[in-house]
Amino acid sequence: MNTRVKAGLEILGDLFWLRPALVVLGCILLAQFGVWLETAHVAGFGPSSPDTNWGYSGGAEGARALLSAIASSNIGVAGTTFSITIAALTLASGQMGPRLLRNFIRDGRNQTVLGIFLGAFAYALMVLRTVRTVEEDPFVPHLAITGALVLALVAVGTLVWFVHHIATSINIETVVDAVQQDLCRAIATHTRDKPGAARPDDAPAGWASAATDGGYVQALDENALADRAYALGIRVILRVRPGDYVPSGFPIAFLSAPVEGAEAAILDAVTLGRRPAALQDPEYSVRQLVEIAVRALSPGINDPFTAGSVVDHLGDALCRIAPRHLPTGVVLREGRPALVHPVTDYDGLCDAMFHMIRQNAAGSVHVLGRMLDVLARVAEVERQPSRAAELSRHAGLVIAAARRDVADPSDLADLEDRYRRFRGASPAGI
């Protein structure tokens, strides 16, 4: 699938109204279909023969009262559902960070629940308009009204499930686990079984294009750009990666030689947007987890246990990366680099995971100790010396912060002991 199409689908997932609108449209069509079955004498009964019907068998006045009750109750419950959702979003924004709102908005279950209530309301209205009494050429769509009863019962069960879902989804452990699952999927997508090609040392001069409107890099179609660069006989070196913000007018690429058509190819391959996207940015979920930890360590919340849980999940992500290779950002064509672009390396990933947590955990023995334990566990499964050296660097920063900020000698001695265990776990012999 084209990268620009994938980026568009990613944006569609952020539209909270889209799925409810589709559900409402489906219910309207279903209501029309039920009325048509009645008027076309399908299923062996006519429009005014309730005695031969299964399901609803009342008259026009009862049908109108029933449909009115279903419509009014469902639109009321839809408003309650929306209010509960807004309350959950407000809680998530205040305690876990505004970037976590995206996870709640993209939750298809929340969108579907709202769509069911609105759809039941629209269904009842569409059927209600067709009910006529004896004075109005009598017509009662018994099959469609039976469908309204079924939808009402479904809405009741949905309401009970939704209350349970909201109560569990705002639990901090549930949120951390959900973001962790996104991070695991990003790791599986962005890592490789084999190492990539080495990055060339030479850098061509001259820029190829500028992002005239600016924005966040949401996606990069590297294969299409590499094919185009190879066809033009040049090498393209990009200066930005997914997740970076590009100022208006900033040159985003260099060429090995000026060639006509290269600028258009680069602009076609780079998708810019008004907000970051998780599509090709492996650090997106990392930043969400780190924000949860930093918020938990703020004086207003002061929840070191949540920060420690985040550190555990970050350590699990590093253990998943241990047997795999991160991309180098070099795309070869016929054995030669056609495209070179910046990527997230292991050092940058560790910096994104641990720097802000360590800086905000100054004096928190629990969090600093948990970081040393996690780094030691990752060092046990990591076999690449360069990565082990990076883990050792972060462990050194943690113990340096502890020596500076921890005043209790017994707590400091415990952290020193954990640091010694880390040094013994490192395969690099550090």
Side-chain angles (χ1 to χ4, degrees), residues 94-97 100 170-177 179-180 183 283 285-322 346-430:
Q95 294 192 359
M96 291 173 275
L100 270 297
I170 61 177
N171 181 279
I172 187 64
E173 293 296 339
T174 303
V175 175
V176 171
D177 182 69
V179 180
Q180 163 74 0
L183 179 56
E283 293 186 16
S285 298
V286 172
R287 290 193 293 269
Q288 287 186 322
L289 286 173
V290 170
E291 183 172 10
I292 294 174
V294 171
R295 289 258 176 173
L297 291 171
S298 64
I301 299 177
N302 192 22
D303 182 12
F305 296 102
T306 295
S309 177
V310 169
V311 172
D312 288 337
H313 285 79
L314 293 175
D316 175 78
L318 290 178
C319 289
R320 292 173 185 268
I321 295 175
Y346 194 82
D347 294 359
L349 200 59
C350 290
D351 289 345
M353 288 180 175
F354 298 120
H355 270 335
M356 290 189 67
I357 297 179
R358 186 193 70 251
Q359 293 164 1
N360 287 270
S364 176
V365 178
H366 174 78
V367 177
L368 295 177
R370 187 69 66 90
M371 291 181 71
L372 289 173
D373 291 342
V374 167
L375 289 170
R377 292 168 184 170
V378 177
E380 288 189 38
V381 301
E382 184 58 67
R383 292 295 175 264
Q384 296 188 31
S386 60
R387 293 182 177 180
E390 177 65 15
L391 296 173
S392 179
R393 182 175 73 88
H394 279 279
L397 292 173
V398 171
I399 195 63
R403 291 166 179 166
R404 182 184 64 249
D405 299 320
V406 176
D408 192 311
S410 61
D411 289 337
L412 182 58
D414 176 66
L415 294 175
E416 293 280 4
D417 183 62
R418 298 188 188 198
Y419 181 60
R420 284 191 293 270
R421 287 201 298 270
F422 166 83
R423 292 168 61 88
S426 174
I430 300 176

Give the minimum heavy-atom separation between [X] and [Y], together with the two atoms involved.
X: Pro304; Y: Ser364; result: CB-OG, 3.9 Å
X: Leu183; Y: Ala317; result: CD2-CB, 3.5 Å
X: Ala379; Y: Phe422; result: CB-CE1, 3.9 Å
X: Ile321; Y: Leu349; result: CD1-CD2, 3.3 Å
X: Ser410; Y: Asp408; result: OG-OD1, 2.6 Å
X: Ala322; Y: Arg387; result: O-NH1, 3.4 Å

[Y] side chain reached by [X] side chain, heavy atoms, under 4.5 Å:
X: Leu289; Y: Met353; answer: no
X: Leu391; Y: Leu318; answer: yes
X: Leu375; Y: Phe354; answer: yes
X: Ile301; Y: Ser298; answer: yes
X: Arg393; Y: Asp351; answer: yes
X: Asn302; Y: Leu297; answer: no
X: Leu314; Y: Ile357; answer: yes

**OP:** Report the C-alpha distance between Ile292 and Thr306 in whole Å, list the side-chain angles of each, state the deciding distance to 0.1 Å, and finish with yes or no for side chain to side chain contact (heavy atoms under 4.5 Å, CB included).
**Re:** CA-CA 8 Å; Ile292 294 174; Thr306 295; 3.9 Å; yes

**OP:** Please list all pairs passing the salt bridge (charged side-chain N to carboxylate O under 4.0 Å, His left out) test where one or both residues lie in residues 360-371, with sequence neighbours left out.
**Re:**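 Output for this query lists Asp312-Arg370.
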
**OP:** State whether the side chain of Asn360 and the backbone N or O of Met356 hold a donor-acceptor pair below 3.5 Å, judged by distance alone.
**Re:**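 Between the backbone of Met356 and the side chain of Asn360 there is a qualifying donor-acceptor contact (under 3.5 Å).
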
Original post:
Taking the side chain from Gln384 and the backbone from Ser386, do they hold a donor-acceptor pair closer than 3.5 Å?
Top reply: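 It does not hold such a pair.
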
**OP:** Could you verify whether a donor N or O on one side chain and an acceptor N or O on the other, from His355 and Gln359, lie under 3.5 Å apart?
**Re:**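 Looking only at side-chain atoms, Gln359 and His355 do not form any donor-acceptor pair under 3.5 Å.
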
Using 0.5 Å steps for rounding, measure from the [atom1] atom of [X] to the [atom2] atom of [Y].
X: Leu397; Y: Leu368; atom1: CG; atom2: CG; answer: 11.5 Å
X: Glu390; Y: Cys350; atom1: CD; atom2: SG; answer: 5.0 Å
X: Tyr419; Y: Leu372; atom1: OH; atom2: CG; answer: 8.5 Å

**OP:** State which residues pass salt bridge (charged side-chain N to carboxylate O under 4.0 Å, His left out) with Glu173; sequence neighbours excluded, sorted by chain then number.
**Re:**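 For Glu173, no residue satisfies salt bridge (charged side-chain N to carboxylate O under 4.0 Å, His left out) once neighbours in sequence are set aside.
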
Subject >> Pairing of Asp405 and Arg358 as salt bridge, 4.0 angstrom limit >> reply: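 Result for this pair is no, no salt bridge flagged.
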
Original post:
With a 4.0 Å cut-off, would you call Arg377 and Asp373 a salt bridge?
Top reply: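 Not counted as a salt bridge, because no side-chain N and carboxylate O are separated by less than 4.0 Å.
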
Subject >> Summary of ring-ring contact (aromatic ring centres under 6.0 Å, His included) pairs that have at least one residue in residues 285-314, sequence neighbours excluded >> reply: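 Checked against ring-ring contact (aromatic ring centres under 6.0 Å, His included) - neighbours excluded - the pairs reaching residues 285-314 are Phe305-His366.
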
Subject >> side chain to side chain contact (heavy atoms under 4.5 Å, CB included) between Glu416 and Arg403, intermediate numbers included >> reply: CA-CA 9 Å; Glu416 293 280 4; Arg403 291 166 179 166; 2.7 Å; yes

